[in-house]
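In the text below, chain A, chain B and the rest are named by the order of the sequence lines, each starting its count at 1.
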Amino acid sequence: MAKNITARAENFPQWYQDVIAAGELADHSPVKGCMVIRPTGYAIWEAMQATLDRTFKETGHVNAYFPLLIPESFITKEAEHVEGFAPELAVVTHAGGKELEENLVIRPTSETIIGHMYAKWIKSYRDLPLLINQWANVMRWELRTRLFLRTTEFLWQEGHTAHETYEEAQGETLKMLQVYQDFLQEVCAIPVIAGAKPEHEKFPGARDTYTVEALMQDNKALQIATSHNLGQNFAKAFEIKYLSRDNQLEYAWTTSWGCTTRMIGGVIMVHGDDDGLIIPPKLAPTQVVIVPIFKRAEEREQVYEHAEKIKAKLGQVLGKLRVSLDSRDDLRPSDKFFHWVQRGVPLRIEVGPMDVKKQSGMTVRRDNRAKEPVSLEVMAERIPAILAEIQAGLYQTALDRREAHSVQVESYAEFKEVLAQGGGLIYAHWDGTRETAQQIQEETKATIRCIPTHVPAEEGVCMISGKPSEQRVLFAQSY
RNA sequence: CUGGAUAUAGCUCAGACUGGUAGAGCGCUUGCUUCGGGAGCAAGAGGCCGCAGGUUCAAAUCCUGUUAUCCAGACCA
């Protein structure tokens, strides 16, 4: 049991903070609500970026960069957009030693500046679709912050596309939602539920907002990524017009979609245990760490020679950067074990004099602590297989946990009972009105996470108002 | 912004009621012994007690003000 980490059962929020501190993922900045992402944490973000960036490009998108500062007047052009973001904008009023003619806002998101540029670039249907992504930081002045989950400044990617038709924009919106879903499930080993946000939870200015939601170990839901069909709202606000195939001047249909460093928080809260972080192998910057063990000087030499051999062999199949040999001589093996356990490295290989003799290594899985001696001969096959088992096991464990904490309820009393018993994902009928959703939120702190796509249509009545409902929606307390 | 709490070593905190040379544990440094799941001993380094005033021969301690942080609410990826 780790001494520096509070048990999950004792205090989950404290556990979360302890894991981040112990794993050296991030630290607090002197500026309230801002976060320093430390090398170990940033490496996870880089791994996420690498996979997603490739997928974005494979689906036809290109990267560009739009500026941090946006004229304040841009934000006010789309009515819902300004209403949604006004409370959390950071505004630059002075620069170069004097007051600015027009205030600049630090981007909370880039729909407006990109809309402005798209209006310049799009003239004809031949310019469409326009499919651009950017990796950037954004700033939203949050009142209460938590590392990775909600910070004043955070890193993300935002895709912004423009299309000829509603259908094409809708296709793009759902395609990118699927990209997120696949990434989260296959790489991050986080099972997610995809669906649409209800009217009152939509992105400010969006026609429709879609989301992927995941269940954390404390039974709260986390929105991990979103994809918006913006309709023609931003096109109209920013005059993104093009001449169509039949020579008509038309407004373009736009989308935007994004995911953030919050995903790191999701990985921590879905997979971590009381000893700290557990990173799924496909995501892990370091997949395998080799820890040498020896007493005498002559042992040291043999052990290192053997360890280097293992490192080289695994480097060939896993990639050199994903295998690490902990050659720090000032730490004892047991200290190194904990060092890497707390950083979530999925597999450790202990290499001592006994392993030199047997030409093998003792593997120890991070997820279930299982030990297995693996001979050098079969390492190139067996280690990737173990990593695959870990990856699959983490997903299955998370999925089982989610299913164990997913329930259908028929009445509001039942609904409250589930929350009182520890919560989870609750599928219930809802009449579609904001008033009902608000009442539920005020009384239980649970919100509608999404209208899930995997749930079939089903006649029913709202558990509050008794009015007809066509489908169950997903409720949960959330971050 | 509204309630409640707290500011003393890198971290967690004691000391304050009853004013009198700044403390502990962990961490850090050095040395020796250890080393297959967080080691032991020894010697060290490290603090304008959040900040500004006041009372006093004397303030971490008493008084006033101020700032910041944490928890709970309103907002949110």
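- Atom-to-atom, CD of A:Glu111 to C1' of B:rA77 comes out at 12 Å; the value is rounded to the nearest Å.
- Across the protein-nucleic acid pair, A:Asp330 atom CG and B:rG31 atom P stand 11 Å apart, rounded to whole Å.
- Looking only at side-chain heavy atoms (C-beta outward), A:Asp275 and A:Ile5 stay at 4.5 Å or farther from each other.
- Stacking is not found between A:Phe337 and the pyrimidine-like six-membered ring of the B:rG37 base under the 5.5 Å centre-distance and 30° plane-angle cut-offs.
- In this structure, A:Ile451 and A:Leu474 have side chains that are not in contact, with every pair of non-hydrogen atoms separated by 4.5 Å or more.
- Spacing between atom CH2 of A:Trp141 and atom P of B:rC1 amounts to 14 Å, rounded to whole angstrom units.
- Under the Watson-Crick and G-U wobble criteria, each requiring two contacts below 3.5 Å, nucleotide B:rU29 is paired to B:rA43.
- Summarising the geometry, the separation between CG on A:Asp18 and P on B:rC11 is reported as 15 Å, rounded to the nearest angstrom.
- Both tests hold for A:Arg348 against A:Phe337: distance to the six-membered ring centre under 6.0 Å, angle to the ring axis within 45°.
- Between A:Trp135 and the choices A:Tyr65, A:Trp156, A:Trp45, the ring pair (Phe, Tyr, Trp, His ring centres under 6.0 Å) rule is met once, by A:Trp45.
- The backbone N or O of A:Phe56 lies less than 3.5 Å from a partner atom in the side chain of A:His61, making a donor-acceptor pair.
- Using a 4.0 Å heavy-atom criterion, one finds that A:Thr152 contacts no nucleic acid atom at all.
- Here the nucleotide nearest the side chain of A:Met362, chosen from B:rG36, B:rG37, B:rA77, is B:rG36.
- Distance CE (A:Met263) to P (B:rA77): 15 Å, rounded to an integer number of Å.
- When distances run from any side-chain atom of A:Gln17 to the nucleotides B:rA77, B:rC71, B:rC35, the shortest one goes to B:rC71.
- Separating the CZ atom in A:Arg366 from the CG atom in A:Leu394 is a distance of 9.5 Å, to the nearest 0.5 Å.
- Backbone-only contact: A:Gln223 has heavy atoms under 4.0 Å from sugar-phosphate atoms and none from a base.
- A donor-acceptor contact under 3.5 Å links the side chain of A:Arg348 to the base of B:rG37.
- Remark: the separation of the C1' atoms in B:rA45 and B:rC26 is 16 Å, to the nearest Å.
- Between A:Trp430 and A:His200, the ring-plane angle classifies as perpendicular under the 30° and 60° cut-offs.
- In this structure, B:rA22 makes no Watson-Crick or G-U wobble pair, since no nucleotide meets both defining distances under 3.5 angstrom.
- Here A:Ile224 lies out of heavy-atom contact (under 4.0 Å) with every strand.
- With P as the reference atom, B:rU8 and B:rG15 are 14 Å apart, rounded to whole Å.
- Both stacking criteria are satisfied for A:Phe154 over the base of B:rA77: a centre-to-centre distance under 5.5 angstrom and an angle between ring planes under 30 degrees.
- At a threshold of 4.0 angstrom between heavy atoms, the contacts of A:Val364 include nucleobase atoms, whether or not backbone atoms are also involved.
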List every contact pair, protein side and nucleotides 39-45 of chain B side both N or O, where the distance is under 3.5 Å.
unit_1: B:rA39; atom_1: OP1; unit_2: A:Arg332; atom_2: NH1; d: 3.3
unit_1: B:rA39; atom_1: OP1; unit_2: A:Arg332; atom_2: NH2; d: 2.2
unit_1: B:rA39; atom_1: OP2; unit_2: A:Arg332; atom_2: NH1; d: 2.6
unit_1: B:rA39; atom_1: OP2; unit_2: A:Arg332; atom_2: NH2; d: 3.4
unit_1: B:rA39; atom_1: OP2; unit_2: A:Ser334; atom_2: OG; d: 3.3
unit_1: B:rA39; atom_1: N7; unit_2: A:Arg332; atom_2: NE; d: 2.7
unit_1: B:rA39; atom_1: N7; unit_2: A:Arg332; atom_2: NH1; d: 3.3
unit_1: B:rA39; atom_1: N7; unit_2: A:Arg332; atom_2: NH2; d: 2.8

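- The backbone N or O of A:Val270 lies less than 3.5 Å from a partner atom in the side chain of A:Gln217, making a donor-acceptor pair.
- The same atom, P, is picked in B:rG46 and in B:rA22; the two are 15 Å apart, to the nearest Å.
- When each of B:rC75, B:rA77, B:rG37 is scored by its nearest atom to the side-chain atoms of A:Glu88, the top-ranked nucleotide is B:rC75.
- With C1' as the reference atom, B:rA58 and B:rG73 are 46 Å apart, rounded to whole Å.
- Atom pair A:His228:NE2 and B:rA77:P shows a separation of 8 Å (rounding to whole Å applied).
- Atom CG of A:Leu25 is separated from atom CE of A:Met35 by 10.5 Å, given to the nearest 0.5 angstrom.
- Residue A:Pro87 is classed as having no contact, given no heavy-atom separation below 4.0 Å to the nucleic acid.
- The distance from atom CZ of A:Arg146 to atom C1' of B:rU69 is 17 Å, rounded to the nearest whole Å.
- Which of B:rG73, B:rA74, B:rG38 sits closest to the side chain of A:Lys445 comes down to B:rG73.
- The residue A:Glu299 sits apart from the nucleic acid: no heavy atom pair falls under 4.0 Å.
- Taking a pair to require two hydrogen-bonding distances under 3.5 Å in either a Watson-Crick or a G-U wobble arrangement, B:rA52 pairs with B:rU64.
- With a 3.5 Å ceiling on both atom-pair distances, the Watson-Crick or G-U wobble partner of B:rG3 is B:rC71.
- In this entry the distance linking CE of A:Met216 with C1' of B:rA77 reads 13 Å, nearest Å.
- Between A:Val364 and A:Glu350, the closest side-chain pair of non-hydrogen atoms falls below 4.5 Å.
- Pairing of B:rA77, defined by two Watson-Crick or G-U wobble distances under 3.5 Å, is not identified with any nucleotide.
- Among B:rA77, B:rA74, B:rC35, the nucleotide with an atom closest to any side-chain atom of A:Leu143 is B:rA74.
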